[in-house]
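Here's the structure, in structure tokens; my notes come after.
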Amino acid sequence: MDELPASFRLVPRQGAPATDDLPPGFRVAAPPTPSAQPSVAVDVAKALPTGLGKGVIGLAGLPGDVQEMGGGLMDRAMLGVGHTVMDWTGLGPQAGTPEREEFDRLYLGIGSGGGLPTSRDVRRGVEKVTGPIYKPKTVLGEYAQTTGDFALGALVGPGGVARRVTETIIPAVLSETAGQATKGTAAEPFARLAGGVAGNLGVATAAARADAPARAIAAATRGTTEADLAAARALGETAQRVGVPLTGAEAIQGATGNATKLGDLQRAVEGSLDGGAVLARVYADRPGQMRTAVDDALAALGPQSTAPSTLGPRAAQTAEAVIDDTRQGINRATRANYAAAGTHVLDSADFAPIARDPAFQAALRQLRADEVLGPVYRDLPDNSVAVIDAVTKGMRDRGVALGNRANPGFSSETAGLYTGGAAEARAIARDPARGGSQAYNDALTAQAQARRQNLEPLEQGPLGQLAGAGDTAAATQAILPARPLVGGEAELADAVTRLRARDPDLTNELIRQRLADQFDTSATRTVGGEAQGGGARFAKDIAGTEQQARNLDAVLEAAGGQAVRQPIADVLDVLRATGTRKPQGSPTDFNQQIREAVGEMPLTAQAMTALRTGGASLLTQAGDGARRAWFGRNNRTLAEILTAPDSVGRIGTILQRGTATPFADAVLRQALQSRGAEAARSSPRKVP
């Protein structure tokens with residue numbers, strides 16, 4: 001045979017006859033037609049959706065693949081038993097013969113398969129409709145197809161589009177890179193699997209680090225219910241409305257009665273450099289916010305008095321007038337009985353015990369000589385009930401005066417004679433059996449009852465204290481005492497109602513003055529600056545006990561109803577929540593953070609240290625730097641969550657979705673991606 005042109009070659013062909021020019025079994029092959037270089041962009045555009053489709057095929061055939069795997073294990077078990085029996089007994093076809101394979105299939109059930117379609121079956125069905133599935137022509141096309149294969153993993157785990165894309169691309173790229181490096185070798189499948197596993201573990205590790213703030217919040221709020229979150233959201237909205245924004249920790253702690261550990265979590269964040277810087281800006285504004293919020297709430301009571309020193313004396317006069325009105329009302333109610341009894345005259349014998357009393361005689365002379373009272377009783381005899389009543393009043397007043405140690409004429413013995421003589425004289429005058437008058441007895445009884453029920457509660461209660469107040473401070477304490485009596489809210493409300501009936505502006509100014517004075521005292525500036533805890537202290541000082549809270553509600557309700565009470569109640573609820581903020585503890589850890597930040601070595605010093613340590617210091621420094629970076633980032637993220645306007649809502653979202661499980665998600669993604677990749681690379685198996 002003559003020599004072939006360079007562009008031609010001999011190709012083996014089964015059964016080709018020998019000729020004069022060619023040896024047996026060969027034929028002449030024409031040179032291949034040169035093909036155009038495939039477009040990388042087109043190849044990638046076709047390979048990416050193809051890979052996604054192959055991944056879907058793998059997922060669709062997953063149940064059949066699992067069944068086939070289980071059936072294969074059973075087949076191998078049955079095959080082993082059957083072959084052992086045949087080999088031991090010599091029965092059946094010889095191993096390695098076509099007859100043995102047919103025997104295995106027919107009688108031992110080998111290769112019988114299951115009822116569900118495998119990924120190969122699904123792929124064959126798809127290719128019957130679409131034709132052969134596209135195969136990438138370039139390396140980038142193969143990367144694109146693998147990325148499409150791995151796209152099913154994006155169905156697993158939380159996160160947005162960016163996170164899901166990252167969790168798909170990184171394992172796909174590492175898997176395909178490992179496959180390219182070992183392409184055509186027996187190690188290729190294992191390398192691809194190892195690359196995918198490494199990628200998924202890497203993104204899982206990063207996700208675990210990134211999700212640390214959410215895990216910390218979930219751990220701190222374990223056991224929090226939806227009802228708790230709803231109450232916290234309502235409190236947070238109230239805080240925004242009154243102008244004292246709460247952190248999420250304060251709102252939830254305030255709504256749940258400190259039932260979570262968010263307060264401790266916030267304290268730890270405040271103790272960090274990065275998180276503390278965020279929270280410091282929030283708390284720097286708080287003192288001014290609280291003062292403005294309290295002023296706005298107190299405006300419901302009316303304007304602040306420009307002459308607060310006059311409020312006390314004015315209130316004392318008003319209270320005394322209210323008490324005197326009650327006293328006069330009692331006198332008017334009993335005047336008819338007194339008038340009927342006044343003309344009654346005792347017999348000389350019945351009057352004799354009264355007339356012999358030296359205290360009565362002294363008081364009678366004083367009455368007759370009085371320039372005002374003398375003319376009133378001038379025409380009535382000494383033994384008339386009217387004169388006896390007037391004289392005994394003087395005797396009681398004299399007894400009270402002499403019983404006062406501050407009186408220069410103090411004499412407890414003389415005081416006893418006056419008060420005892422007055423009581424005995426009245427006892428005779430009101431007893432018909434001793435010559436007295438039944439009408440007088442009825443008048444005294446009615447008056448005593450009215451005084452006991454109506455007058456004495458006023459004289460001995462808040463109104464009496466107010467009437468005796470010498471200045472504004474004493475008057476405000478009478479209306480809202482710092483040390484209240486349990487059950488005293490009703491008499492305080494009654495006092496406010498009576499005062500408002502005479503002077504409503506004065507009463508509201510007095511209540512406002514009490515609250516404003518207390519806030520000014522509670523929110524006293526400290527040596528270090530504004531008192532950030534002054535609002536919580538005010539809420540404790542003005543309504544810290546249950547009785548104080550009841551008193552305040554009763555007084556505000558009497559002063560103007562819901563329109564006055566609700567704004568102040570809202571502010572107090574918010575100020576109480578600010579008190580859930582935990583105080584900072586020892587500054588040791590914070591100081592350590594500052595030392596680490598300030599003591600960071602420059603690059604030149606790090607290089608010198610690395611030379612001395614053989615590079616070991618670089619690893620240590622890199623690890624320390626990474627740890628500090630993550631620590632700062634996570635604390636800053638926590639601070640931003642806690643101080644966000646919708647902080648409670650964001651915390652609720654974290655609790656609803658649950659704590660992320662990045663490593664469990666990575667295992668599931670790897671399982672889906674492995675099935676997709678296997679289906680993508682497998683070709684339909686020929687059926688014998």
Side-chain angles (χ1 to χ4, degrees), residues 157-164 207-270 272 274-286 289-290 293 532 535-536 566-567 569-582 632-662 665:
V161 174
R163 177 169 175 175
R164 293 176 186 273
R209 289 285 189 175
D211 205 43
R215 291 201 309 276
I217 288 174
T221 54
R222 188 174 291 113
T224 303
T225 65
E226 183 55 40
D228 294 333
L229 291 174
R233 279 192 292 270
L235 180 58
E237 291 168 0
T238 300
Q240 291 284 347
R241 177 166 47 80
V242 303
V244 186
L246 296 173
T247 67
E250 290 171 331
I252 293 177
Q253 292 293 86
T256 62
N258 291 311
T260 76
K261 299 297 288 182
L262 277 176
D264 295 292
L265 179 61
Q266 178 173 311
R267 175 171 58 184
V269 174
E270 282 194 75
S272 69
D274 296 84
V278 176
L279 284 160
R281 290 194 298 270
V282 173
Y283 284 114
D285 296 333
R286 177 156 288 181
Q289 293 170 344
M290 292 187 298
Q532 296 178 349
Q566 194 59 52
D570 288 345
V571 168
L572 288 177
D573 286 343
V574 173
L575 296 183
R576 289 189 189 97
T578 66
T580 63
R581 177 191 180 195
K582 295 291 186 70
R633 175 190 179 278
N634 289 338
N635 276 303
R636 186 167 56 255
T637 300
L638 280 170
E640 291 169 351
I641 292 174
L642 291 174
T643 57
D646 61 339
S647 177
V648 176
R650 294 176 66 174
I651 291 172
T653 300
I654 290 172
L655 297 182
Q656 287 172 2
R657 78 164 188 250
T659 304
T661 53
D665 293 342

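Atoms considered below: every heavy atom in the structure, side chains included; atoms not considered: hydrogens, waters and symmetry mates.
Salt bridge status for Asp264 with Lys582: present, with a side-chain N to carboxylate O gap under 4.0 Å.
At least one donor-acceptor pair closer than 3.5 Å links the side chain of Gln253 to the backbone N or O of Thr260. Thr256 places a side-chain N or O within 3.5 Å of a backbone atom of Ala259 that can act as its donor or acceptor partner. Side chain of Thr580 to backbone of Arg576: no donor-acceptor contact under 3.5 angstrom is found. With hydrogens and angles disregarded, a donor-acceptor distance shorter than 3.5 Å links the side chain of Thr637 to the backbone of Arg633.
Note that the OG1 atom of Thr238 and the CZ atom of Arg233 stand 13.0 Å from one another [nearest 0.5 Å]. In this structure, the separation between CD1 on Ile217 and CZ on Arg215 is 11.5 Å, given to the nearest 0.5 Å. The structure places CD1 of Ile651 at 8.5 Å from CG of Leu229, a figure rounded to the nearest 0.5 Å. To the nearest 0.5 angstrom, Gln266 atom CD is 12.5 Å from Ile641 atom CD1. Atom CG in Leu638 sits 10.5 Å away from atom OG1 in Thr643 (nearest 0.5 Å). Atom-to-atom distance recorded for Ser647:OG and Leu246:CG is 9.5 Å, nearest 0.5 angstrom.
Contact between Ala212 and Asn634 at its shortest, heavy atoms only, is CB-ND2, 3.6 Å. Taking all atoms of both residues into account, the shortest heavy-atom contact from Tyr283 to Gln532 is O-NE2, 3.0 Å. Taking each heavy atom of Pro245 and Gln289 in turn, the nearest pair found is CD-OE1, 3.6 Å. The two residues Asp228 and Thr224 have their closest heavy-atom pair at CB-CG2, 3.7 Å. Scanning all heavy atoms of the two residues, the minimum distance from Ala536 to Gly579 falls at CB-CA, 3.5 Å. Closest approach of Gly254 and Ala577 over heavy atoms only: CA-CB, 4.3 Å.
A search for side chain to side chain contact (heavy atoms under 4.5 Å, CB included) contacts involving Ala216 returns Leu265, not counting sequence neighbours. Applying the side chain to side chain contact (heavy atoms under 4.5 Å, CB included) test to Glu640 and every residue at least two apart in sequence or in another chain returns Arg636. The side chain to side chain contact (heavy atoms under 4.5 Å, CB included) check on Gln566 picks up Gln562, Ala569, Asp570, with sequence neighbours excluded.
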Apply the test side chain to side chain contact (heavy atoms under 4.5 Å, CB included) to residues Lys261 and Arg222: give CA-CA distance (whole Å), side-chain angles for both, the deciding distance (0.1 Å), then the verdict. CA-CA 9 Å; Lys261 299 297 288 182; Arg222 188 174 291 113; over 6 Å; no
Trace of the side chain to side chain contact (heavy atoms under 4.5 Å, CB included) decision for Leu279 with Val269: CA-CA 8 Å; Leu279 284 160; Val269 174; 3.9 Å; yes
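Side-chain atoms of Val278 and Asp274, non-hydrogen and from C-beta on, never get closer than 4.5 Å to each other. Using a 4.5 Å cut-off on side-chain heavy atoms (C-beta onward), Arg650 and Leu642 make no contact.
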